[in-house]
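Since the structure comes first, as structure tokens, the remarks are kept for the end.
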There are 2 protein chains.
Amino acid sequence: MLKKLENSKEACDIHHRAIRDTMDILSGKWKLQIVGSLSLGKKHFGGLMAHIDGIGAKMLSKELQDLELNGLVKRTVYNTKPITVEYELTSYGNSLQPLVDEIVAWGMQHRRKLRDKD
Amino acid sequence: MLKKLENSKEACDIHHRAIRDTMDILSGKWKLQIVGSLSLGKKHFGGLMAHIDGIGAKMLSKELQDLELNGLVKRTVYNTKPITVEYELTSYGNSLQPLVDEIVAWGMQHRRKLRDKD
DNA sequence: CTGTATCCTGTAAGATACTG
DNA sequence: CAGTATCTTACAGGATACAG
């Protein structure tokens with residue numbers, strides 16, 4: 001029995017599930033921006049706060065915990081005085097780079113398109 | 001004056017803004033799934049309802065309007081009896097294909113990774 | 001078949017104050 | 001510096017009923 005119908009219900013469900021899986025992990029207003037920020041290099045909590053315009057301590061803390069839980073971000077505490085904490089992408093977090101790149105690229109061309117139209 | 005510092009505040013802001021621009025347009029639980037669905041071919045309203053598991057008429061209608069407003073989806077009404085409506089991606093909507101592909105690919109490998117771990 | 005109108009709820013997310 | 005605790009609010013999104 002040949003595997004016809006790539007456009008079958010089953011194949012589509014797999015696609016939809018994949019979209020949901022990814023977006024669940026990256027859901028919310030800030031996660032992608034955090035990943036984008038960290039893709040440029042490790043940063044302290046305060047550095048992220050300064051780098052990501054508009055985010056508050058509560059949201060940043062919460063989103064970082066989510067990302068850490070999903071293995072995308074690694075958190076390292078240093079016994080400086082006062083303590084500092086460094087956040088960086090794991091190698092798994094870096095696997096999001098192509099995705100982030102596409103999102104950035106599309107957003108940039110979209111803005112260009114809107115500007116040229118006006 | 002050379003353009004040093006690609007990692008400058010300005011360059012980063014452009015990235016962050018691009019991410020926000022894209023995600024604003026694709027925000028919500030359903031838009032990406034709708035785009036993914038339509039990327040496989042034009043569909044009727046009912047077809048989309050059946051194809052996208054769990055979505056209700058209200059959300060589907062609202063999200064389609066949003067997508068249409070942003071020029072990603074084209075809506076065509078046919079004077080059949082009763083009327084039918086066809087939705088399809090515009091060429092601009094199709095420009096999201098690489099982005100959707102990345103999201104699908106990441107979601108699939110993520111699910112594979114979780115399965116192999118257990 | 002293709003929606004809209006209402007009503008209802010949970011939760012994302014902001015503001016503020018506080019702590020080790 | 002790096003967060004947590006608490007309070008509040010807006011809005012996304014679901015259920016149901018109805019309409020052209």
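Residue numbers start from 1 in every chain, and the chains themselves are labelled A, B, ... in the order their sequence lines are given, proteins ahead of strands.
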My understanding is that only residues two or more places apart in sequence, or in another chain, count here; which of them pass side-chain hydrogen bond (donor to acceptor under 3.5 Å, both in side chains) with [X]?
| X | value |
| --- | --- |
| B:Ser61 | B:Gln65 |
| A:Asp24 | none |
| A:Thr84 | A:Thr80 |

Spacing of [X] atom [atom1] relative to [N] atom [atom2], expressed in whole Å:
| X | N | atom1 | atom2 | answer |
| --- | --- | --- | --- | --- |
| B:Asp24 | C:dA12 | CG | P | 18 Å |
| B:Ile34 | C:dG3 | CD1 | P | 12 Å |
| B:Lys43 | C:dC1 | NZ | P | 16 Å |
| B:Leu48 | C:dC1 | CG | P | 13 Å |

>> Quick check for you: to the nearest 0.5 Å, what is the distance between A:Leu64 atom CG and A:Ile34 atom CD1?
In response: 4.5 Å

Throw together a table of side-chain donor-acceptor distances under 3.5 angstrom for residues 91-99 of chain A, partners on residues two or more places apart or in other chains.
from, atom 1, to, atom 2, distance (Å)
A:Tyr92, OH, B:Gln109, NE2, 3.0
A:Tyr92, OH, B:His110, ND1, 2.5
A:Ser95, OG, A:Tyr92, O, 2.5
A:Ser95, OG, B:Trp106, NE1, 3.0
A:Gln97, NE2, A:Asp101, OD1, 3.0

>> Could you go through B:Leu32 and B:Val100, starting from their C-alpha distance and side-chain angles, then the distance that decides it, and tell me whether this counts as side chain to side chain contact (heavy atoms under 4.5 Å, CB included)?
In response: CA-CA 7 Å; B:Leu32 270 168; B:Val100 173; 4.0 Å; yes

>> More than 12 heavy atoms of other residues, nucleotides or ligands under 6.0 Å from CG of A:Asp53: yes or no?
In response: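 Atom CG in A:Asp53 is not packed in, count stays at 12 or less.
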
> Listed by chain and number, what are the side chain to side chain contact (heavy atoms under 4.5 Å, CB included) partners of A:Glu88, not counting sequence neighbours?
Replying inline: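 Partners of A:Glu88 under the side chain to side chain contact (heavy atoms under 4.5 Å, CB included) test: A:Lys42, A:Lys74, A:Thr76.
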
> Hey, mind stepping through A:Glu86 and A:Lys43 against side chain to side chain contact (heavy atoms under 4.5 Å, CB included) and telling me if it holds?
Replying inline: CA-CA 6 Å; A:Glu86 242 176 27; A:Lys43 288 188 178 60; over 6 Å; no

> When you list every nucleotide of DNA chain D with an atom under 4.0 Å from a heavy atom of chain A, which one comes first 5' to 3', and which comes last?
Replying inline: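 The contacted stretch runs from D:dC1 to D:dT6.
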
>> If the condition is salt bridge (charged side-chain N to carboxylate O under 4.0 Å, His left out), which residues does B:Arg111 pass it with, not counting sequence neighbours?
In response: A:Asp21

>> Enumerate the ring pair (Phe, Tyr, Trp, His ring centres under 6.0 Å) contacts for residues 16-50 of chain A, please, sequence neighbours excluded, ordered by first and then second residue.
In response: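 Non-adjacent pairs meeting ring pair (Phe, Tyr, Trp, His ring centres under 6.0 Å): A:His16-B:His51.
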
>> Within the 4.5 Å heavy-atom criterion, are B:Gln33 and A:Arg17 side-chain neighbours or not?
In response: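 No, every pair of side-chain atoms sits at 4.5 Å or beyond.
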
> Among pairs that include at least one residue of residues 25-40 of chain A, which meet salt bridge (Lys or Arg N to Asp or Glu O under 4.0 Å), considering only residues two or more places apart or in two chains?
Replying inline: A:Lys31-A:Glu63, A:Lys31-A:Asp66

Can you give me the N/O atom pairs linking the protein to nucleotides 13-15 of chain C at distances under 3.5 Å, or say none if there are none?
from, atom 1, to, atom 2, distance (Å)
C:dA13, OP1, A:Lys29, N, 2.8
C:dA13, N7, A:Lys58, NZ, 3.4
C:dG14, OP1, A:Lys29, NZ, 2.8
C:dG14, OP2, A:Trp30, NE1, 3.3
C:dG14, N7, A:Lys58, NZ, 3.4
C:dG14, O6, A:Lys58, NZ, 2.3

> Axis-to-axis angle across the helix from C:dC1-D:dG20 to C:dG20-D:dC1, five pairs an end, to 10 degrees?
Replying inline: 50°

> Does anything in residues 76-86 of chain B reach DNA chain D, meaning a heavy atom under 4.0 Å, and if so which residues?
Replying inline: none

